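Each remark here refers to the structure printed beneath this line.
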Amino acid sequence: MIKAVTGTKDTLPGEINKWKYLENIVHDVFSHFNYKEIRTPVFEETILFARGIGEETDIVGKEMYSFLDRSETNLTLKPEMTASVVRAYIEHSLGNQQPLNKLFYISPMFRQERPQAGRLRQFHQFGGEALGSTSPYLDAEMIQMSFHILKQLGLNDLTVKINTLGVPASREIYKQKLKSFLQDKKHLLSADSKKRFDTNILRIFDSKVDEDQQLLKEAPTLLEYLDDDSRNDFDLLMKAISSAGIPFEIDPKLVRGLDYYTKTTFEIISGKVGSQSALCGGGRYDLLIEELGGKPTPGVGFAAGIERILLACENEKSFTLPDDSLDLYIVKLDKELSNVIFDSASFFRRVNYTVDYDYLDRSVKAQMREANKMNARFVLFIGGDEFKSGFCNLKNMISGEQYQVPVNQLDQILNYFKNAS
RNA sequence: GUGAGCGUAGCUCAGUUGGUUAGAGCACCAGGUUGUGGCCCUGGGGGUCGUGGGUUCAAUUCCCAUCGCUCACCCCA
């Protein structure tokens, strides 16, 4: 048997309604904030991600699905969306058409990691990007939108964490301070953190090892070395999300792994999804667009993992799906009447009723069981003596009541429907 | 890439201290009198016991390998 590739999943009919439910909320919230949807190809030239995300990151270093196509072009299935959005923004000069572009997306992403709870190799994200303004109110908007979507899905076990990384200059000064602070304690660090010491020292804060965290307790914090501009924006951001009624905590340890972040970073985590608890994360990237060859343009955005969110929803039983029951099931009493059944089903479907009937020539009892299983509100019986004399029976499946109606006046049945519902 | 656990019907799981036709519940199908559901009853279909090799008179049960799944580390959404 050929099976789906490791880390990929089929979404079967029983589950698709949850996705649609979520997608509807996503569309709804983004459009209320006046964000416009953008779609980009699933693959791009590899160099886009290498340059945008950072050569040194794990994503670029060991997780990308990269391959040469038949004309020897080095392509990569997109591991995240921001680089693609920025590429499209530059390529189509969106910045010249209007000074601020507010965009959102829902799209599959690909990273070759070891699958675990809330982590797949093909996974799906929705997210927003605002390109063209340094206003911290846009940062606030990102947090607001993502929080709002999660709330609309009925999630409660949420923690919003925010931090600011400042501008590169102040961050460099801080990195030096941190380095000298840890220098003589380096031998006490875990193996992973020793590596981080050289590659990306800020990530040591991410360590789950207790000893590492103990050592860091006395460490200087980034906030102490912030430039005035970043500090001011951070203050405005906190005020804004406070007045939006969003509870948050400042987490100086929140250091995004992608190279392009500046100033604000944030994350919303759930206590209901296992160890991959970040449902969404994002931040400001004021230097990325320039880095990718565009005019210097500030930007801010976030991405959210749909599988993780759905997992949290499942575990919190956070919402119930609207029912997708049938309005009408047509029961065929005589096998010869298939064409009549077909025509009447067409009639009801044309006027937007959800209708189904039996295609397997099964017994009336089996047809009734089917109607019941599909939660049909009404059953129409066609056939037998009453059909010959121009009538058929309509049964209300909830009350059990049954009425005889003229078969050449199906519109009268429609009236009955409307009155009954 | 590292580590741990698990692989028996569509699903959730029993079971075999190695021994003839491998079980249950749910789901599915058909019946329970002539053309009518939800409950109930009866019957039925469906499993190379993940795959390959080894030990044995005999393996689904023991051993080895392999593949897959799950969770965690790492990293991230």
Side-chain angles (χ1 to χ4, degrees), chain A residues 1-7 9 12 14 53 56-63 79-82 106-127 146 150 190-193 195-196 199-200 203 206-209 254-258 265-270 273-283 301-312 329-335 337 360 362-387 392-402:
Chain A
M1 181 171 47
I2 299 173
K3 295 197 281 191
V5 172
T6 297
K9 276 214 160 39
L12 300 174
I53 301 170
E56 299 307 316
T57 61
D58 278 20
I59 292 179
V60 173
K62 48 190 192 194
E63 296 172 1
E80 61 106 46
M81 192 65 176
T82 303
I106 302 178
S107 172
M109 307 290 163
F110 307 84
R111 298 206 271 245
Q112 188 163 1
E113 301 178 90
R114 198 70 156 258
Q116 78 186 74
R119 189 166 76 188
L120 291 167
R121 291 184 173 181
Q122 178 178 171
F123 60 104
H124 298 76
Q125 294 185 328
F126 64 82
S146 48
L150 299 176
S190 65
D192 280 327
S193 288
K195 254 181 265 166
R196 294 176 179 123
T199 54
N200 189 348
R203 297 215 64 83
D206 259 356
S207 174
K208 288 176 187 170
V209 180
L254 181 58
V255 183
R256 310 253 86 221
L258 282 54
T265 61
F266 79 96
E267 204 166 82
I268 301 179
I269 64 174
S270 162
V273 289
S275 80
Q276 303 302 314
S277 57
L279 298 187
C280 69
F302 79 94
I306 295 180
E307 284 85 354
R308 279 180 197 183
I309 291 171
L310 256 15
L311 206 59
Y329 190 91
I330 304 176
V331 167
K332 177 166 45 174
L333 298 177
D334 303 309
K335 288 189 168 73
L337 291 175
L360 303 173
R362 299 201 284 186
S363 69
V364 173
K365 188 192 194 80
Q367 293 182 66
M368 285 305 286
R369 283 186 170 149
E370 184 79 353
N372 190 60
K373 200 165 64 191
M374 294 188 165
N375 252 309
R377 290 165 55 231
F378 292 91
V379 165
L380 185 65
F381 296 92
I382 294 183
D385 292 339
E386 72 269 27
F387 181 74
C392 50
N393 285 313
L394 181 69
K395 179 168 188 165
N396 181 327
M397 290 293 275
I398 294 150
S399 67
E401 292 171 290
Q402 197 159 306

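By convention in this document, chain letters (A, B, ...) are assigned in the order of the sequence lines, proteins followed by strands, and residues within each chain are numbered from 1. All of these numbers come straight from a predicted model, not from anything done at the bench.
Only the P atoms considered, B/rA22 is 23 Å distant from B/rC63, to the nearest whole Å. Here, B/rC73 and B/rC28 have their P atoms 40 Å apart, quoted to the whole Å. Distance check on atom C1': B/rG7 versus B/rC49 gives 10 Å, rounded to whole Å. Rounded to whole Å, the C1' atom of B/rU8 lies 15 Å from the corresponding atom of B/rC69. For the C1' atoms, the distance linking B/rG32 with B/rG68 amounts to 45 Å, nearest Å. With P as the reference atom, B/rG3 and B/rA65 are 14 Å apart, rounded to whole Å. Taking atom P in both B/rG31 and B/rU36, one finds a spacing of 11 Å when rounded to whole Å. Atom name P, nucleotides B/rA4 and B/rU12: the rounded distance is 25 Å, in whole Å.
Residue A/Glu401 qualifies as enclosed at atom CD: its count of foreign heavy atoms under 6.0 Å is above 12.
With A/Gln367 contributing its side chain and A/Arg362 its backbone, the two residues share a donor-acceptor pair below 3.5 Å. When atom types are taken as modelled, the side chain of A/Arg119 and the backbone of A/Arg114 share a donor-acceptor pair closer than 3.5 angstrom.
Here the CD atom belonging to A/Gln276 is positioned 12.5 Å from the OG atom belonging to A/Ser270, to the nearest 0.5 angstrom. Atom CD of residue A/Glu386 and atom CG of residue A/Leu333 lie 6.5 Å apart, to the nearest 0.5 angstrom. With rounding to the nearest 0.5 Å, the separation of CD in A/Glu63 from CD in A/Glu113 is 3.5 Å. In this structure, OH on A/Tyr329 lies 10.5 Å from CE on A/Met397, to the nearest 0.5 angstrom. Rounding to the nearest 0.5 angstrom, the gap separating the CD atom in A/Glu307 from the CG atom in A/Leu311 is 9.5 Å. The NZ atom of A/Lys208 sits 5.0 Å away from atom OG of A/Ser275, with the distance rounded to the nearest 0.5 Å.
Across every non-hydrogen atom of A/Ile53 and A/Pro79, the tightest pair is CD1-CG, 3.9 Å. For the residue pair A/Gly301 and A/Phe266, the shortest heavy atom distance occurs at O-CE2, 4.3 Å. In this structure, A/Ile269 and A/Glu267 approach most closely via the heavy-atom pair CG2-OE1, 3.8 Å.
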When every nucleotide of nucleotides 7-12 of chain B is labelled 5' to 3' by its protein contacts under 4.0 Å (heavy atoms), B for base, S for sugar-phosphate only, - for none, what sequence of letters results?
------

Generate the contact string for nucleotides 33-50 of chain B. Rules: B means base contact, S means sugar-phosphate contact only, - means no protein heavy atom under 4.0 Å.
--BBBB-B----------

Using a cut-off of 4.0 Å between protein heavy atoms and nucleotide atoms, how would you tag nucleotides 72-77 of chain B 5' to 3' with B, S and -?
BBBBBB

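Computed from coordinates, the A/Leu311 CG to B/rU70 C1' distance equals 13 Å when rounded to whole Å.
Backbone-only engagement by A/Lys9 is indicated by non-hydrogen atom pairs under 4.0 Å involving sugar-phosphate atoms exclusively.
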Watson-Crick or G-U pairs under 3.5 Å in RNA chain B, rendered as dot-bracket with [ ] for crossing pairs and | for another strand:
(((((((..((((.....[...)))).(((((.......))))).....(((((..]....))))))))))))....

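The side chain to side chain contact (heavy atoms under 4.5 Å, CB included) search around A/Thr6 returns A/Pro115, A/Arg121, not counting sequence neighbours. Every residue meeting the side chain to side chain contact (heavy atoms under 4.5 Å, CB included) condition with A/Ile106, not counting sequence neighbours, appears here in chain and number order: A/Glu23, A/Val26, A/His27, A/Phe126, A/Ile306.
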